[in-house]
Amino acid sequence: MLDPKLIRESPELVRAAIAKKHLAVDFDAVLAADAAWRAQLQEVERLRAVQKGANAAMAALAKGSPEFAARLAEMRSVSSQVKEREAGLKAAEETCREAMLTLPNLPHASVPEGSTPEENVVYSTHGDTAAAAPGAVPHWDVPGFARLFDFERGSKVTGAGFPFFIGDGARLSRALINFFLEEGARSGYVEVSPPILVNAASATATGQLPDKEGQMYETTPDRLFAIPTAEVPLTNFYRDEILDAEALPVRRCAYTPCFRREAGSYGKDVRGLNRVHQFDKVELLKWVAPATSYDELEGLRGDAERLLVKLGLPYRILLMCGGELGFAQSKKYDLEVWAAGQRRWLEVSSCSNFEAFQARRAQIRSRSRETGRTELVHTLNGSALAVPRVLAAIIENNLEADGRVRIPPALVPHFGKSHLAFA
RNA sequence: GGAGAGGUGGCAGAGUGGUCGAAUGCGCCUGACUCGAAAUCAGGUGAGCCCGCAAGGGUUCCGGGGGUUCGAAUCCCUCCCUCUCCGCCA
(Lines give C-alpha, C1' and ligand atoms only; values in the text may rest on other atoms or scores of the structure.)
Protein backbone atom coordinates (compact mmCIF):
# COMPACT_ATOMS: atom_id res chain seq x y z
CA MET A 1 0.00 0.00 0.00
CA LEU A 2 1.18 3.51 -0.76
CA ASP A 3 1.11 6.48 1.58
CA PRO A 4 -2.33 8.08 1.17
CA LYS A 5 -0.75 11.50 1.68
CA LEU A 6 1.53 10.91 -1.28
CA ILE A 7 -1.42 9.94 -3.41
CA ARG A 8 -3.26 13.15 -2.53
CA GLU A 9 -0.33 15.51 -2.66
CA SER A 10 1.68 14.09 -5.55
CA PRO A 11 -0.72 12.21 -7.80
CA GLU A 12 1.60 12.75 -10.77
CA LEU A 13 4.28 10.60 -9.08
CA VAL A 14 1.81 7.77 -8.70
CA ARG A 15 0.65 8.08 -12.31
CA ALA A 16 4.26 7.90 -13.47
CA ALA A 17 4.86 4.82 -11.33
CA ILE A 18 1.84 3.04 -12.75
CA ALA A 19 3.06 3.85 -16.25
CA LYS A 20 6.60 2.62 -15.52
CA LYS A 21 5.25 -0.66 -14.24
CA HIS A 22 3.01 -0.95 -17.29
CA LEU A 23 -0.08 -1.55 -15.22
CA ALA A 24 -3.64 -0.62 -16.02
CA VAL A 25 -5.02 1.04 -12.92
CA ASP A 26 -7.96 3.42 -12.66
CA PHE A 27 -6.15 6.03 -10.63
CA ASP A 28 -8.90 8.63 -10.90
CA ALA A 29 -11.26 6.20 -9.22
CA VAL A 30 -8.79 5.91 -6.34
CA LEU A 31 -8.64 9.68 -5.92
CA ALA A 32 -12.42 9.94 -6.05
CA ALA A 33 -12.87 7.18 -3.48
CA ASP A 34 -10.42 8.89 -1.15
CA ALA A 35 -12.14 12.26 -1.47
CA ALA A 36 -15.57 10.70 -0.86
CA TRP A 37 -14.33 8.90 2.23
CA ARG A 38 -12.79 12.02 3.73
CA ALA A 39 -15.91 14.09 3.18
CA GLN A 40 -18.04 11.49 4.94
CA LEU A 41 -15.53 11.09 7.74
CA GLN A 42 -15.64 14.78 8.51
CA GLU A 43 -19.41 14.78 8.74
CA VAL A 44 -19.52 11.77 11.03
CA GLU A 45 -16.82 13.21 13.26
CA ARG A 46 -18.74 16.46 13.53
CA LEU A 47 -21.83 14.57 14.71
CA ARG A 48 -19.81 12.53 17.16
CA ALA A 49 -18.40 15.71 18.64
CA VAL A 50 -21.98 16.86 19.27
CA GLN A 51 -22.74 13.54 20.92
CA LYS A 52 -19.69 13.65 23.12
CA GLY A 53 -20.42 17.16 24.24
CA ALA A 54 -23.93 16.16 25.25
CA ASN A 55 -22.68 13.13 27.17
CA ALA A 56 -20.86 15.23 29.73
CA ALA A 57 -23.88 17.45 30.17
CA MET A 58 -26.27 14.53 30.61
CA ALA A 59 -24.03 12.85 33.13
CA ALA A 60 -24.33 15.95 35.28
CA LEU A 61 -28.13 16.11 35.07
CA ALA A 62 -30.54 14.26 37.32
CA LYS A 63 -32.02 11.25 35.51
CA GLY A 64 -35.67 12.20 35.98
CA SER A 65 -35.36 15.94 35.37
CA PRO A 66 -37.16 17.65 32.48
CA GLU A 67 -33.82 18.95 31.23
CA PHE A 68 -32.60 15.39 31.00
CA ALA A 69 -35.68 14.26 29.11
CA ALA A 70 -35.29 17.11 26.63
CA ARG A 71 -31.66 16.32 26.04
CA LEU A 72 -32.46 12.66 25.64
CA ALA A 73 -34.99 13.30 22.90
CA GLU A 74 -32.54 15.56 21.10
CA MET A 75 -29.73 13.06 21.36
CA ARG A 76 -31.86 10.20 20.10
CA SER A 77 -32.11 12.00 16.82
CA VAL A 78 -28.38 12.70 16.69
CA SER A 79 -27.68 9.09 17.54
CA SER A 80 -29.80 7.79 14.70
CA GLN A 81 -28.12 10.20 12.31
CA VAL A 82 -24.72 8.95 13.41
CA LYS A 83 -25.74 5.33 12.90
CA GLU A 84 -27.07 6.09 9.46
CA ARG A 85 -24.02 7.99 8.30
CA GLU A 86 -21.63 5.52 9.88
CA ALA A 87 -22.95 2.81 7.62
CA GLY A 88 -22.20 5.00 4.64
CA LEU A 89 -18.80 5.90 6.02
CA LYS A 90 -17.89 2.29 6.50
CA ALA A 91 -18.82 1.49 2.92
CA ALA A 92 -16.82 4.48 1.68
CA GLU A 93 -13.85 3.39 3.74
CA GLU A 94 -13.96 -0.11 2.32
CA THR A 95 -14.25 1.22 -1.24
CA CYS A 96 -11.35 3.53 -0.60
CA ARG A 97 -9.20 0.80 0.92
CA GLU A 98 -9.86 -1.54 -1.98
CA ALA A 99 -9.02 1.23 -4.42
CA MET A 100 -5.78 1.98 -2.58
CA LEU A 101 -4.80 -1.68 -2.72
CA THR A 102 -4.83 -1.55 -6.50
CA LEU A 103 -1.93 0.92 -6.52
CA PRO A 104 1.51 -0.62 -7.02
CA ASN A 105 4.65 0.43 -5.24
CA LEU A 106 6.66 3.17 -6.91
CA PRO A 107 9.70 1.94 -8.85
CA HIS A 108 13.00 3.49 -7.78
CA ALA A 109 14.58 6.07 -10.09
CA SER A 110 17.40 3.64 -10.93
CA VAL A 111 14.98 1.04 -12.30
CA PRO A 112 15.25 0.88 -16.12
CA GLU A 113 12.26 1.46 -18.35
CA GLY A 114 10.78 -1.57 -20.03
CA SER A 115 8.00 -4.09 -20.01
CA THR A 116 9.54 -7.36 -21.22
CA PRO A 117 12.20 -9.75 -19.94
CA GLU A 118 14.44 -8.62 -22.80
CA GLU A 119 14.47 -5.13 -21.35
CA ASN A 120 15.96 -6.22 -18.06
CA VAL A 121 19.49 -4.89 -17.78
CA VAL A 122 22.32 -7.38 -17.47
CA TYR A 123 24.00 -5.81 -14.50
CA SER A 124 27.01 -8.12 -14.43
CA THR A 125 28.13 -11.55 -15.64
CA HIS A 126 30.58 -13.79 -13.80
CA GLY A 127 32.36 -16.99 -14.78
CA ASP A 128 32.92 -18.61 -18.11
CA THR A 129 29.79 -19.98 -19.74
CA ALA A 130 31.52 -20.89 -22.98
CA ALA A 131 34.13 -23.04 -21.34
CA ALA A 132 31.60 -25.34 -19.76
CA ALA A 133 31.93 -28.99 -20.68
CA PRO A 134 31.13 -29.45 -24.36
CA GLY A 135 29.41 -32.74 -23.63
CA ALA A 136 27.14 -31.22 -21.00
CA VAL A 137 23.54 -32.40 -21.06
CA PRO A 138 20.40 -31.25 -19.30
CA HIS A 139 20.39 -32.70 -15.81
CA TRP A 140 17.35 -34.87 -16.52
CA ASP A 141 19.27 -36.60 -19.30
CA VAL A 142 22.18 -37.63 -17.09
CA PRO A 143 22.18 -41.44 -16.83
CA GLY A 144 20.83 -42.48 -13.49
CA PHE A 145 19.09 -39.15 -12.82
CA ALA A 146 15.78 -40.87 -12.08
CA ARG A 147 17.38 -42.91 -9.30
CA LEU A 148 18.23 -39.74 -7.36
CA PHE A 149 15.24 -37.65 -8.38
CA ASP A 150 12.16 -39.80 -8.71
CA PHE A 151 9.47 -37.77 -10.44
CA GLU A 152 7.32 -40.75 -11.38
CA ARG A 153 6.82 -41.96 -7.85
CA GLY A 154 6.35 -38.38 -6.72
CA SER A 155 3.51 -38.09 -9.21
CA LYS A 156 1.98 -41.29 -7.90
CA VAL A 157 2.22 -40.23 -4.28
CA THR A 158 1.28 -36.57 -4.64
CA GLY A 159 1.14 -35.24 -8.18
CA ALA A 160 3.29 -33.86 -10.97
CA GLY A 161 6.07 -31.61 -9.74
CA PHE A 162 6.57 -33.27 -6.36
CA PRO A 163 9.69 -35.39 -6.86
CA PHE A 164 11.34 -37.61 -4.29
CA PHE A 165 15.00 -36.76 -3.62
CA ILE A 166 16.88 -39.98 -2.94
CA GLY A 167 20.34 -40.94 -1.77
CA ASP A 168 22.95 -38.46 -2.95
CA GLY A 169 20.18 -36.29 -4.39
CA ALA A 170 18.68 -35.81 -0.96
CA ARG A 171 22.13 -35.53 0.57
CA LEU A 172 23.25 -32.79 -1.82
CA SER A 173 20.02 -30.91 -1.24
CA ARG A 174 20.60 -31.05 2.50
CA ALA A 175 24.24 -30.01 2.06
CA LEU A 176 23.16 -26.94 0.09
CA ILE A 177 20.60 -25.96 2.70
CA ASN A 178 23.20 -26.30 5.40
CA PHE A 179 25.80 -24.36 3.42
CA PHE A 180 23.35 -21.54 2.70
CA LEU A 181 22.29 -21.28 6.34
CA GLU A 182 25.87 -21.28 7.60
CA GLU A 183 26.83 -18.58 5.14
CA GLY A 184 23.75 -16.59 6.08
CA ALA A 185 24.73 -16.75 9.73
CA ARG A 186 28.23 -15.64 8.79
CA SER A 187 26.74 -12.60 7.06
CA GLY A 188 24.82 -11.67 10.19
CA TYR A 189 21.41 -13.21 9.58
CA VAL A 190 19.90 -15.00 12.57
CA GLU A 191 18.51 -18.38 11.64
CA VAL A 192 14.78 -18.89 12.07
CA SER A 193 12.67 -21.97 11.52
CA PRO A 194 9.21 -20.54 10.88
CA PRO A 195 5.75 -22.06 10.47
CA ILE A 196 5.19 -23.14 6.88
CA LEU A 197 1.43 -22.71 7.05
CA VAL A 198 0.16 -19.17 7.51
CA ASN A 199 -3.23 -17.59 8.04
CA ALA A 200 -5.04 -15.26 5.66
CA ALA A 201 -4.01 -12.13 7.54
CA SER A 202 -0.33 -12.95 7.03
CA ALA A 203 -0.79 -13.81 3.38
CA THR A 204 -2.57 -10.49 2.90
CA ALA A 205 0.11 -8.44 4.62
CA THR A 206 2.84 -9.66 2.27
CA GLY A 207 0.59 -9.34 -0.77
CA GLN A 208 -0.17 -12.97 -1.68
CA LEU A 209 -3.82 -12.28 -0.97
CA PRO A 210 -6.03 -11.32 -2.56
CA ASP A 211 -4.23 -11.19 -5.92
CA LYS A 212 -2.36 -14.48 -5.93
CA GLU A 213 -4.72 -16.73 -4.02
CA GLY A 214 -4.73 -19.27 -6.85
CA GLN A 215 -0.96 -19.65 -6.63
CA MET A 216 -1.03 -21.00 -3.10
CA TYR A 217 -2.03 -24.36 -1.70
CA GLU A 218 -4.80 -23.89 0.81
CA THR A 219 -5.82 -26.21 3.60
CA THR A 220 -9.34 -26.95 4.73
CA PRO A 221 -11.12 -26.55 7.03
CA ASP A 222 -8.71 -24.16 8.72
CA ARG A 223 -8.00 -21.97 5.68
CA LEU A 224 -4.27 -21.95 6.21
CA PHE A 225 -1.96 -21.44 3.27
CA ALA A 226 1.22 -23.36 2.46
CA ILE A 227 3.88 -20.70 2.12
CA PRO A 228 5.20 -19.92 -1.37
CA THR A 229 8.32 -18.47 0.27
CA ALA A 230 9.67 -17.97 3.79
CA GLU A 231 9.21 -14.25 3.14
CA VAL A 232 5.61 -14.63 4.29
CA PRO A 233 6.12 -15.93 7.84
CA LEU A 234 9.36 -13.98 8.30
CA THR A 235 7.92 -10.60 7.33
CA ASN A 236 4.83 -11.22 9.42
CA PHE A 237 6.96 -12.01 12.46
CA TYR A 238 6.88 -8.31 13.33
CA ARG A 239 3.39 -7.56 12.01
CA ASP A 240 1.64 -4.85 14.07
CA GLU A 241 4.79 -4.21 16.09
CA ILE A 242 7.03 -1.25 16.77
CA LEU A 243 10.75 -2.02 16.69
CA ASP A 244 13.49 -0.12 18.43
CA ALA A 245 15.13 2.01 15.73
CA GLU A 246 18.52 1.42 17.34
CA ALA A 247 18.14 -2.31 16.71
CA LEU A 248 17.88 -1.85 12.94
CA PRO A 249 18.81 -3.39 10.64
CA VAL A 250 17.34 -6.68 11.83
CA ARG A 251 18.53 -9.62 9.70
CA ARG A 252 16.94 -13.05 9.64
CA CYS A 253 17.39 -16.11 7.45
CA ALA A 254 15.25 -19.19 7.18
CA TYR A 255 15.23 -22.49 5.42
CA THR A 256 11.76 -23.72 4.44
CA PRO A 257 10.14 -25.82 1.81
CA CYS A 258 8.16 -23.57 -0.54
CA PHE A 259 4.92 -24.50 -2.24
CA ARG A 260 3.74 -23.03 -5.53
CA ARG A 261 0.87 -24.21 -7.63
CA GLU A 262 2.40 -22.52 -10.68
CA ALA A 263 -1.04 -22.41 -12.21
CA GLY A 264 -0.86 -21.64 -15.91
CA SER A 265 2.87 -22.26 -16.28
CA TYR A 266 2.65 -25.44 -18.34
CA GLY A 267 5.31 -25.28 -20.99
CA LYS A 268 8.89 -25.98 -21.72
CA ASP A 269 10.46 -24.55 -18.56
CA VAL A 270 9.04 -27.25 -16.37
CA ARG A 271 11.35 -30.16 -17.07
CA GLY A 272 13.42 -31.78 -14.39
CA LEU A 273 14.23 -29.61 -11.41
CA ASN A 274 13.63 -26.33 -13.25
CA ARG A 275 10.16 -25.80 -11.87
CA VAL A 276 8.55 -27.95 -9.22
CA HIS A 277 5.60 -27.37 -6.92
CA GLN A 278 7.56 -27.98 -3.72
CA PHE A 279 11.14 -26.85 -3.35
CA ASP A 280 13.63 -25.99 -0.65
CA LYS A 281 14.93 -22.48 -0.29
CA VAL A 282 16.86 -20.34 2.13
CA GLU A 283 15.51 -16.82 2.36
CA LEU A 284 17.21 -13.69 3.69
CA LEU A 285 15.13 -10.91 5.17
CA LYS A 286 15.96 -7.48 6.54
CA TRP A 287 14.02 -4.81 8.35
CA VAL A 288 15.93 -1.56 7.90
CA ALA A 289 15.84 2.19 8.46
CA PRO A 290 14.34 3.90 5.39
CA ALA A 291 17.40 6.04 4.76
CA THR A 292 19.61 2.97 4.34
CA SER A 293 17.42 0.62 2.36
CA TYR A 294 19.13 0.99 -1.01
CA ASP A 295 22.55 0.39 0.52
CA GLU A 296 21.04 -2.59 2.27
CA LEU A 297 19.71 -3.88 -1.04
CA GLU A 298 23.24 -3.88 -2.50
CA GLY A 299 24.41 -5.73 0.60
CA LEU A 300 21.65 -8.27 0.30
CA ARG A 301 22.46 -8.87 -3.34
CA GLY A 302 26.10 -9.32 -2.35
CA ASP A 303 25.18 -11.84 0.33
CA ALA A 304 23.29 -13.94 -2.20
CA GLU A 305 25.89 -13.47 -4.91
CA ARG A 306 28.74 -14.66 -2.68
CA LEU A 307 27.11 -18.09 -2.48
CA LEU A 308 27.36 -18.55 -6.24
CA VAL A 309 30.97 -17.39 -6.17
CA LYS A 310 31.82 -19.91 -3.47
CA LEU A 311 30.08 -22.66 -5.40
CA GLY A 312 32.13 -21.75 -8.48
CA LEU A 313 29.10 -21.52 -10.74
CA PRO A 314 28.83 -19.06 -13.65
CA TYR A 315 26.09 -16.55 -12.97
CA ARG A 316 24.74 -13.18 -13.95
CA ILE A 317 22.79 -10.45 -12.28
CA LEU A 318 19.81 -8.75 -13.87
CA LEU A 319 18.47 -5.40 -12.87
CA MET A 320 14.76 -5.80 -13.50
CA CYS A 321 12.97 -3.24 -15.64
CA GLY A 322 9.79 -1.48 -14.50
CA GLY A 323 7.39 -3.87 -16.17
CA GLU A 324 9.14 -6.92 -14.70
CA LEU A 325 8.96 -5.65 -11.15
CA GLY A 326 6.47 -7.23 -8.83
CA PHE A 327 3.53 -5.20 -7.67
CA ALA A 328 5.09 -4.48 -4.29
CA GLN A 329 8.72 -4.03 -5.30
CA SER A 330 10.60 -0.79 -5.79
CA LYS A 331 13.75 -2.36 -7.15
CA LYS A 332 14.77 -5.91 -7.83
CA TYR A 333 17.86 -7.86 -8.84
CA ASP A 334 17.54 -11.38 -10.14
CA LEU A 335 20.48 -13.77 -9.84
CA GLU A 336 20.64 -16.39 -12.56
CA VAL A 337 22.92 -19.39 -12.61
CA TRP A 338 24.24 -20.90 -15.83
CA ALA A 339 22.89 -24.36 -16.59
CA ALA A 340 25.53 -25.65 -18.97
CA GLY A 341 23.54 -28.64 -20.20
CA GLN A 342 20.42 -26.68 -21.04
CA ARG A 343 22.53 -23.74 -22.20
CA ARG A 344 20.27 -21.33 -20.41
CA TRP A 345 20.08 -19.20 -17.29
CA LEU A 346 18.05 -20.31 -14.30
CA GLU A 347 16.75 -17.80 -11.77
CA VAL A 348 17.96 -18.82 -8.33
CA SER A 349 17.41 -15.61 -6.40
CA SER A 350 15.41 -12.43 -6.40
CA CYS A 351 16.63 -9.63 -4.16
CA SER A 352 14.09 -6.87 -3.64
CA ASN A 353 13.55 -3.66 -1.79
CA PHE A 354 9.92 -3.13 -0.88
CA GLU A 355 10.54 0.18 0.82
CA ALA A 356 7.56 0.84 3.14
CA PHE A 357 5.02 -0.89 0.91
CA GLN A 358 4.84 -4.14 2.85
CA ALA A 359 5.51 -2.42 6.17
CA ARG A 360 2.44 -0.24 5.70
CA ARG A 361 0.24 -3.23 5.00
CA ALA A 362 1.76 -5.16 7.87
CA GLN A 363 2.07 -2.13 10.19
CA ILE A 364 5.74 -2.67 11.04
CA ARG A 365 7.26 0.47 12.45
CA SER A 366 10.30 1.60 14.36
CA ARG A 367 10.63 4.16 17.09
CA SER A 368 13.57 6.49 17.38
CA ARG A 369 14.88 6.92 20.92
CA GLU A 370 15.89 10.53 20.35
CA THR A 371 12.70 11.82 18.78
CA GLY A 372 10.24 9.28 20.14
CA ARG A 373 8.67 9.28 16.69
CA THR A 374 7.61 6.16 14.84
CA GLU A 375 8.07 5.52 11.16
CA LEU A 376 7.41 2.61 8.87
CA VAL A 377 10.50 0.46 8.34
CA HIS A 378 11.66 -0.70 4.94
CA THR A 379 11.66 -4.42 4.23
CA LEU A 380 13.95 -6.31 1.87
CA ASN A 381 14.22 -9.93 1.03
CA GLY A 382 16.10 -12.27 -1.23
CA SER A 383 16.59 -15.94 -1.86
CA ALA A 384 19.94 -17.32 -0.85
CA LEU A 385 19.28 -19.54 -2.63
CA ALA A 386 16.65 -21.76 -4.26
CA VAL A 387 17.98 -25.29 -3.86
CA PRO A 388 16.75 -27.43 -6.80
CA ARG A 389 17.97 -25.10 -9.52
CA VAL A 390 21.36 -24.70 -7.90
CA LEU A 391 21.46 -28.46 -7.65
CA ALA A 392 20.61 -28.74 -11.34
CA ALA A 393 23.35 -26.26 -12.21
CA ILE A 394 25.92 -28.18 -10.18
CA ILE A 395 25.00 -31.36 -11.99
CA GLU A 396 25.14 -29.76 -15.42
CA ASN A 397 28.30 -27.74 -14.88
CA ASN A 398 30.28 -30.30 -12.90
CA LEU A 399 29.41 -33.55 -14.68
CA GLU A 400 32.60 -35.48 -15.39
CA ALA A 401 33.40 -38.00 -18.10
CA ASP A 402 32.81 -40.92 -15.75
CA GLY A 403 29.24 -39.80 -15.07
CA ARG A 404 29.97 -38.55 -11.58
CA VAL A 405 29.40 -34.98 -10.43
CA ARG A 406 32.22 -33.04 -8.81
CA ILE A 407 31.08 -31.35 -5.61
CA PRO A 408 32.25 -27.72 -5.23
CA PRO A 409 34.98 -27.57 -2.55
CA ALA A 410 32.94 -25.21 -0.40
CA LEU A 411 30.22 -27.84 -0.24
CA VAL A 412 32.39 -30.86 0.49
CA PRO A 413 32.41 -30.34 4.28
CA HIS A 414 28.62 -30.38 4.20
CA PHE A 415 28.24 -33.16 1.64
CA GLY A 416 30.97 -35.33 3.09
CA LYS A 417 32.29 -36.57 -0.23
CA SER A 418 34.04 -35.07 -3.23
CA HIS A 419 31.68 -36.55 -5.81
CA LEU A 420 28.05 -37.38 -6.27
CA ALA A 421 27.27 -40.67 -7.96
CA PHE A 422 24.15 -41.57 -9.90
CA ALA A 423 24.80 -45.29 -9.76
C1' G B 1 -11.34 -32.63 21.86
C1' G B 2 -13.74 -31.64 27.23
C1' A B 3 -13.97 -28.33 31.74
C1' G B 4 -12.59 -23.81 34.00
C1' A B 5 -10.07 -18.91 34.22
C1' G B 6 -8.61 -14.79 31.63
C1' G B 7 -7.32 -11.05 27.51
C1' U B 8 -6.91 -3.15 29.76
C1' G B 9 -1.11 1.59 27.98
C1' G B 10 6.45 -0.50 27.45
C1' C B 11 5.40 -3.95 31.87
C1' A B 12 2.40 -5.08 36.24
C1' G B 13 -2.46 -4.03 37.60
C1' A B 14 -7.32 -1.19 39.15
C1' G B 15 -11.76 0.05 36.92
C1' U B 16 -18.61 -3.67 36.29
C1' G B 17 -23.35 2.09 32.31
C1' G B 18 -21.95 8.61 32.33
C1' U B 19 -17.24 13.98 33.07
C1' C B 20 -12.40 7.19 31.52
C1' G B 21 -7.51 7.30 26.88
C1' A B 22 -8.38 5.06 31.48
C1' A B 23 -6.31 5.03 38.96
C1' U B 24 -1.85 3.19 41.08
C1' G B 25 3.02 1.06 40.86
C1' C B 26 7.35 -0.06 37.90
C1' G B 27 10.04 1.50 33.69
C1' C B 28 11.44 5.69 30.64
C1' C B 29 12.32 11.26 29.74
C1' U B 30 13.11 16.33 31.74
C1' G B 31 14.19 19.48 35.83
C1' A B 32 15.82 20.30 41.11
C1' C B 33 19.44 18.57 44.77
C1' U B 34 24.94 16.62 43.91
C1' C B 35 31.81 17.45 42.06
C1' G B 36 29.23 13.29 39.75
C1' A B 37 26.02 9.23 40.68
C1' A B 38 22.46 6.76 43.78
C1' A B 39 18.42 8.02 46.78
C1' U B 40 14.68 11.81 47.14
C1' C B 41 11.36 15.60 45.22
C1' A B 42 8.57 18.04 40.97
C1' G B 43 6.81 17.58 36.10
C1' G B 44 6.22 14.72 31.76
C1' U B 45 5.59 9.99 29.19
C1' G B 46 0.41 5.41 23.96
C1' A B 47 -0.98 4.77 18.78
C1' G B 48 -3.85 5.96 14.37
C1' C B 49 -6.87 9.01 11.31
C1' C B 50 -9.26 13.79 9.58
C1' C B 51 -9.15 19.33 9.16
C1' G B 52 -5.32 23.23 9.29
C1' C B 53 0.55 26.90 6.28
C1' A B 54 0.94 26.70 11.39
C1' A B 55 -0.65 27.24 16.23
C1' G B 56 -4.21 24.20 17.17
C1' G B 57 -8.90 21.58 16.77
C1' G B 58 -11.79 17.06 16.03
C1' U B 59 -12.30 11.84 16.20
C1' U B 60 -11.16 6.53 16.91
C1' C B 61 -8.75 2.67 19.69
C1' C B 62 -9.36 -1.25 26.71
C1' G B 63 -8.17 -9.12 21.98
C1' G B 64 -11.34 -8.96 16.71
C1' G B 65 -16.34 -8.30 14.82
C1' G B 66 -21.54 -7.32 15.71
C1' G B 67 -25.59 -5.62 19.02
C1' U B 68 -28.36 -2.89 23.20
C1' U B 69 -28.28 2.44 24.91
C1' C B 70 -28.94 9.45 24.64
C1' G B 71 -24.12 7.36 26.36
C1' A B 72 -20.15 0.97 26.57
C1' A B 73 -13.47 -0.78 28.91
C1' U B 74 -18.07 -1.85 31.78
C1' C B 75 -24.28 -5.18 29.46
C1' C B 76 -25.56 -9.00 25.33
C1' C B 77 -24.02 -12.18 20.96
C1' U B 78 -20.05 -14.19 18.23
C1' C B 79 -15.10 -15.30 16.81
C1' C B 80 -9.84 -15.49 18.05
C1' C B 81 -5.97 -16.09 21.48
C1' U B 82 -3.51 -17.24 26.31
C1' C B 83 -3.28 -19.99 30.95
C1' U B 84 -4.72 -24.31 34.31
C1' C B 85 -6.69 -29.29 34.61
C1' C B 86 -8.34 -33.76 31.87
C1' G B 87 -8.11 -36.62 27.31
C1' C B 88 -5.28 -37.68 22.85
C1' C B 89 -0.59 -37.61 20.40
C1' A B 90 4.97 -36.86 17.26
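Naming convention: chains lettered A, B, ... in sequence-line order (proteins, then strands); numbering from 1 in each chain.
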Within the 4.0 Å heavy-atom criterion, would you say A/Leu41 contacts the bases, only the backbone, or no part of the nucleic acid?
sugar-phosphate

Please work out if A/Ser77 contacts a base, only the sugar-phosphate, or nothing of the nucleic acid, heavy-atom cut-off 4.0 Å.
nothing

Examine B/G46: is either OP1 or OP2 under 4.0 Å from a nitrogen or oxygen in the side chain of A/Thr374? Give yes or no.
no

Do any N or O atoms from the side chain of A/Glu400 and from the backbone of A/Arg406 form a donor-acceptor pair under 3.5 angstrom?
no

Using a 3.5 Å limit on both pairing distances, list the dot-bracket string of RNA chain B from the 5' end; Watson-Crick and G-U wobble pairs count, crossing pairs take [ ], interstrand pairs take |.
((((((((.[[[..)..(.....]]]((((((.......))))))((((((....)))))).[[[[[..)....]]]]])))))))....

Between A/Glu213 and A/Arg223, is the closest basic N to carboxylate O distance under 4.0 Å?
yes

Nearest-Å distance, CD (A/Glu45) to P (B/G52)?
13 Å

Integer angstrom distance from the P of B/A42 to that of B/C35
22 Å

In whole Å, what separates the C1' atom of B/C61 from that of B/A22?
12 Å

With rounding to the closest Å, how many angstrom separate the P atoms on B/G63 and B/G21?
15 Å

Check every strand shown and say whether A/Arg365 touches a base, only sugar-phosphate, or nothing at a heavy-atom separation below 4.0 Å.
sugar-phosphate

Taking the six-membered ring of A/Phe422 (Phe, Tyr or Trp), confirm whether the NZ or CZ of A/Arg147 is under 6.0 Å from its centre and within 45° of its axis.
no

Test your reading of the model: is there a side-chain donor-acceptor pair from A/Ser173 to the backbone of A/Gly169, 3.5 Å cut-off?
no

Nearest-Å distance once atom P is located in both B/A14 and B/C75
16 Å

Quick one: label A/Gln51 by what it contacts on the DNA or RNA (base, sugar-phosphate, nothing), any heavy atom closer than 4.0 Å.
sugar-phosphate

Run the salt bridge (charged side-chain N to carboxylate O under 4.0 Å, His left out) test on A/Lys83 and A/Glu86 for me, step by step, so that the C-alpha distance in whole Å, both residues' side-chain angles and the decisive distance to 0.1 Å come before the verdict.
CA-CA 5 Å; A/Lys83 281 205 171 69; A/Glu86 264 182 345; over 6 Å; no

Nearest whole angstrom, please: distance from the P of B/C11 to the CD1 of A/Ile242.
11 Å

Would you say the ring centroid of A/Phe164 lies under 6.0 angstrom from that of A/Phe149?
no

Separation of the C1' atoms in B/G10 and B/C76, to the nearest angstrom
33 Å

Sugar-phosphate only, base, or nothing, as touched by A/Ala60 at under 4.0 Å among non-hydrogen atoms
nothing

Taking B/G13 as the reference, what is the distance to B/G18 when you measure between their P atoms (whole Å, please)?
24 Å

Rounding to an integer number of angstrom, what distance separates B/C86 and B/G46 when you compare their P atoms?
44 Å

Whole-Å gap separating C1' (B/G67) and NZ (A/Lys83):
9 Å

Residues A/Asp28 and A/Arg15 bridged, charged N to O under 4.0 Å:
yes

With side chain to side chain donor-acceptor pair (under 3.5 Å) as the criterion, how do A/Tyr294 and A/Glu355 come out once you've worked through the C-alpha distance, each side chain's angles and the decisive distance to 0.1 Å?
CA-CA 9 Å; A/Tyr294 282 94; A/Glu355 296 195 6; 2.4 Å; yes

What is the distance from CZ of A/Arg239 to C1' of B/C80, rounded to the nearest Å?
13 Å

With rounding to whole Å, what would you report as the distance between B/U82 and B/C28 at their P atoms?
31 Å

